[in-house]
Protein chains: 2
Amino acid sequence: MKERPDVKASTKEKILDAAEKLFGMNGFEATSLRDITAAAEVNLAAVNYHFQSKEALMESVISRRIHPVNRRRLELLDSAGENPTVEQVIRAFLAPVFLEANLGGVPSLIGRVLADPGQFLKKLFPEEFAPLTRRFAEAFGRALPELTPREVAWRMHFMIGSMTHVLLWKRHIKEMSGGLVDASDREGLMAEAVAFCAAGFRAPVVVGIERS
Amino acid sequence: MKERPDVKASTKEKILDAAEKLFGMNGFEATSLRDITAAAEVNLAAVNYHFQSKEALMESVISRRIHPVNRRRLELLDSAGENPTVEQVIRAFLAPVFLEANLGGVPSLIGRVLADPGQFLKKLFPEEFAPLTRRFAEAFGRALPELTPREVAWRMHFMIGSMTHVLLWKRHIKEMSGGLVDASDREGLMAEAVAFCAAGFRAPVVVGIERS
DNA sequence: GTCTATAGGTTGATAGAC
DNA sequence: GTCTATCAACCTATAGAC
């Protein structure tokens with residue numbers, strides 16, 4: 001059932017895999033090193049041998065996965081040509097997390113990290129997300145010249161929020177909606193998310209305060 | 001600086017206020033009862049006298065705030081008449097969290113709770129959110145008859161995600177966007193969120209898998 | 001109702017044998 | 001590199017004096 005690419009994974013990899021799964025499921029604070037080493041079937045002290053601390057382990061877990069995702073996003077953005085449509089930009093951003101298969105337990109972990117503006121993102125944001133955000137903001141601005149940079153920024157936040165929420169609730173959405181919505185239907189989810197966000201980005205410029 | 005409505009708050013209220021602030025800032029697991037009692041300037045044992053446990057305290061903190069918010073949402077929805085527009089339904093859902101002033105440290109707490117499908121929501125969802133969701137889904141379906149219930153459910157998820165993300169990142173959005181975006185401009189945020197979500201809800205029905 | 005004192009358990013991290 | 005054994009610090013929760 002579980003994807004286990006190597007028959008014999010190294011201790012370090014076993015720890016990373018177990019930590020990824022448990023951090024994603026229960027969060028950082030609620031997961032003890034003993035939980036991790038038990039799941040990885042390695043010794044407790046191995047964590048402090050291969051990594052320095054629990055925090056350093058968390059950083060390793062994240063950066064192992066975040067970087068390929070963001071690189072893939074830029075790849076897809078580049079492959080859409082010089083003047084991509086809004087849909088193409090959104091697809092480039094969402095596809096690596098919604099469609100790509102080899103992500104393991106990362107989706108819920110990414111969602112959890114993005115949902116928790118704690119210490120980790122303070123470190124991770126400048127080096128990993130800031131350049132990505134700039135690049136995509138530029139692409140959105142080019143596709144929708146009538147939007148101000150401020151509005152592009154707002155709408156990117158809304159798009160990221162939509163994505164994050166789905167990642168976090170993936171396993172619960174189906175029962176919550178009474179079977180109506182199934183997040184494991186990746187293509188369906190992707191199509192719905194792109195439709196919603198593209199229409200949102202194309203919404204008329206907000207000029208003042210609306211009143212109901 | 002801080003809003004302190006009562007000159008002399010009861011010990012129980014002081015605990016609730018401090019817990020609300022700290023749980024919202026740092027999360028449940030990362031906040032100890034000692035942190036809370038220190039901030040509230042009460043004795044450690046008072047927590048276990050007024051509440052039974054840390055978890056029961058968390059539940060009290062949440063239910064004290066969630067219920068008025070959801071009741072206000074339904075009030076606003078009712079006051080929009082029998083056939084509200086999409087914008088009016090969205091406003092009814094978002095205004096209590098984005099616009100209303102007397103929420104204290106709750107926004108980040110609500111965001112955190114919604115972002116963490118943990119034990120609390122398993123208990124809170126059936127009695128507090130399920131009826132609300134049904135009511136709003138019905139209103140959206142009435143305003144947009146061409147959407148299937150499945151699509152209404154998806155788009156509500158995207159809307160809730162947009163809202164949650166803003167709540168969680170409220171304090172960080174400004175510096176992250178280089179001063180471009182200011183979440184403390186409530187009316188501006190509200191207008192942008194309503195515009196984005198309304199357009200998203202009005203997006204054409206997704207019939208199949210789009211291809212770039 | 002509020003305090004002190006402490007029980008009873010878990011945590012992250014490390015020392016040192018192999 | 002991997003193990004056992006353990007430390008010091010922290011936690012929640014409670015008992016019992018006032």
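Values below: every heavy atom of this structure, side chains too, minus hydrogens, waters and symmetry copies. As the structure is a prediction and not an experimental result, all values here were calculated from the model. First the proteins, then the strands, lettered A, B, ... as listed; each starts at 1.
Taking 4.0 Å as the cutoff to heavy atoms of chain B, we find the contact window on DNA chain C bounded by C:dG1 to C:dT4.
For residues 31-53 of chain A, there are no salt bridge (Lys or Arg N to Asp or Glu O under 4.0 Å) pairs, not counting sequence neighbours.
Distance A:Asn48 CG to D:dA8 C1': 15 Å, rounded to the nearest Å. B:Gln52 has its CD atom 12 Å from the C1' atom of D:dA13, to the nearest Å. Atoms CG (B:Asn43) and C1' (D:dT14) sit 12 Å apart, rounded to a whole Å.
Using a 4.0 Å cut-off between a side-chain N of Lys or Arg and a carboxylate O of Asp or Glu, A:Glu138 and A:Arg134 do not qualify as a salt bridge. Ion pair B:Arg135/B:Asp78 flagged as a salt bridge, since at least one NZ, NE, NH1 or NH2 atom sits closer than 4.0 Å to an Asp/Glu carboxylate oxygen. Ion pairing of A:Asp17 with A:Arg64 is present here, as a side-chain N (NZ or NE/NH1/NH2) and a carboxylate O approach within less than 4.0 Å.
Map B:His50 and A:Arg34 each onto its nearest nucleotide of DNA chain C; the residue landing nearer the 5' end is B:His50. Mapping B:Leu33 and A:Val42 onto DNA chain D via the closest heavy atom, the residue that lands nearer the 5' end is A:Val42. Both A:Asp35 and B:Tyr49 lie close to DNA chain C; mapped to their nearest nucleotides by heavy-atom distance, the more 5′-ward contact belongs to B:Tyr49.
Using a 4.0 Å heavy-atom distance criterion, B:Ala46 is classed as making no nucleic acid contact. Using a 4.0 Å heavy-atom distance criterion, B:Thr31 is classed as a sugar-phosphate-only contact.
Residues meeting the side chain to side chain contact (heavy atoms under 4.5 Å, CB included) test with A:Asn48, sequence neighbours left out: A:Leu33.
Residues B:Met176 and A:Phe125 have side chains in contact (heavy-atom distance under 4.5 Å, counting atoms from C-beta outward).
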